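To keep things clear, I will list the structure first and then write my remarks on it.
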Amino acid sequence: MGSPEIYHLIVEYIVLIIEIIVGILVAAIVIITLGNLVRLLLSKIRKEQRQIYVREIVARMLRGLLIALDFLIAADLLQTILDPTLEETAVFALIVVLRILLSWSLSKEVEMGAREESSKSEKTH
């Protein structure tokens, strides 16, 4: 087994580990978010205050998903380095473009929520 094969195998394992970690991270984010939302629904908080907390919970979830997307893009990049054929590169480019668009839209959602919260807090103070 020559050294290129060893590097290839190491990178494959790294990609697999990253993908497993991202899967666990996304599952944890979803479970924590659902738990927080259920706890909030069962609490005796006023409706207006509850909406603020829901936005905060969703914003935290979106930030976590953005981090997960970044790791998946890194894993895709490593995978493409292993098999740099034209077809693999094209598939990688398409996946990265889609993930970047998703990441961008999620970050805009987080920013919009933050702006709404700051404008509401300015009105109340």
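Values in this document were obtained by computation on a predicted structure and should not be read as measured data.
With rounding to the nearest 0.5 angstrom, the CZ atom of Arg63 is 12.0 Å from the CD1 atom of Ile29. Taking CG from Leu102 and CG from Leu72, the interatomic distance works out to 10.5 Å, rounded to the nearest 0.5 Å. Distance check, rounded to the nearest 0.5 Å: CD1 of Ile52 to CD1 of Ile57 gives 12.0 Å. Interatomic distance, OG of Ser105 versus CD1 of Ile100, reported as 12.0 Å (0.5 Å rounding). Rounding to the nearest 0.5 Å places CD1 of Ile45 at 12.0 Å from CD of Gln51. Atom-to-atom distance recorded for Leu62:CG and Ile67:CD1 is 11.5 Å, nearest 0.5 angstrom.
Residues Met61 and Val30 have side chains not in contact (no heavy-atom distance under 4.5 Å, counting atoms from C-beta outward). Residues Arg50 and Arg46 have side chains not in contact (no heavy-atom distance under 4.5 Å, counting atoms from C-beta outward). Contact annotation: the side chain of Thr33 never approaches that of Val58 to less than 4.5 Å [non-hydrogen atoms, C-beta and beyond]. Considering only heavy atoms from C-beta on, Asn36 comes within 4.5 Å of Arg39 through its side chain.
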Tell me which donor-acceptor pairs under 3.5 Å the side chains of residues 14-25 have, and how far apart each pair is, sequence neighbours excluded?
none

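Crowding of Leu86 atom CG: a count of heavy atoms from other residues, nucleotides or ligands under 6.0 Å not exceeding 12. Within a 6.0 Å radius of CD in Glu87, no more than 12 heavy atoms belonging to other residues, nucleotides or ligands are found.
Among all heavy-atom pairs drawn from Val11 and Leu78, the shortest one is CG1-O, 3.7 Å.
Leu41 and Tyr53 fall into different hydrophobic clusters, defined by Ile, Leu, Val, Met, Phe, Trp and Tyr side-chain heavy atoms under 4.5 Å apart, directly or through other members. Linking ILVMFWY side-chain heavy atoms closer than 4.5 Å, directly or via other members, places Val54 and Leu65 in a single hydrophobic cluster. By the criterion of side-chain heavy atoms lying less than 4.5 angstrom apart, applied directly or through intervening Ile, Leu, Val, Met, Phe, Trp or Tyr residues, Val26 is not grouped with Ile95; the two fall into different hydrophobic clusters.
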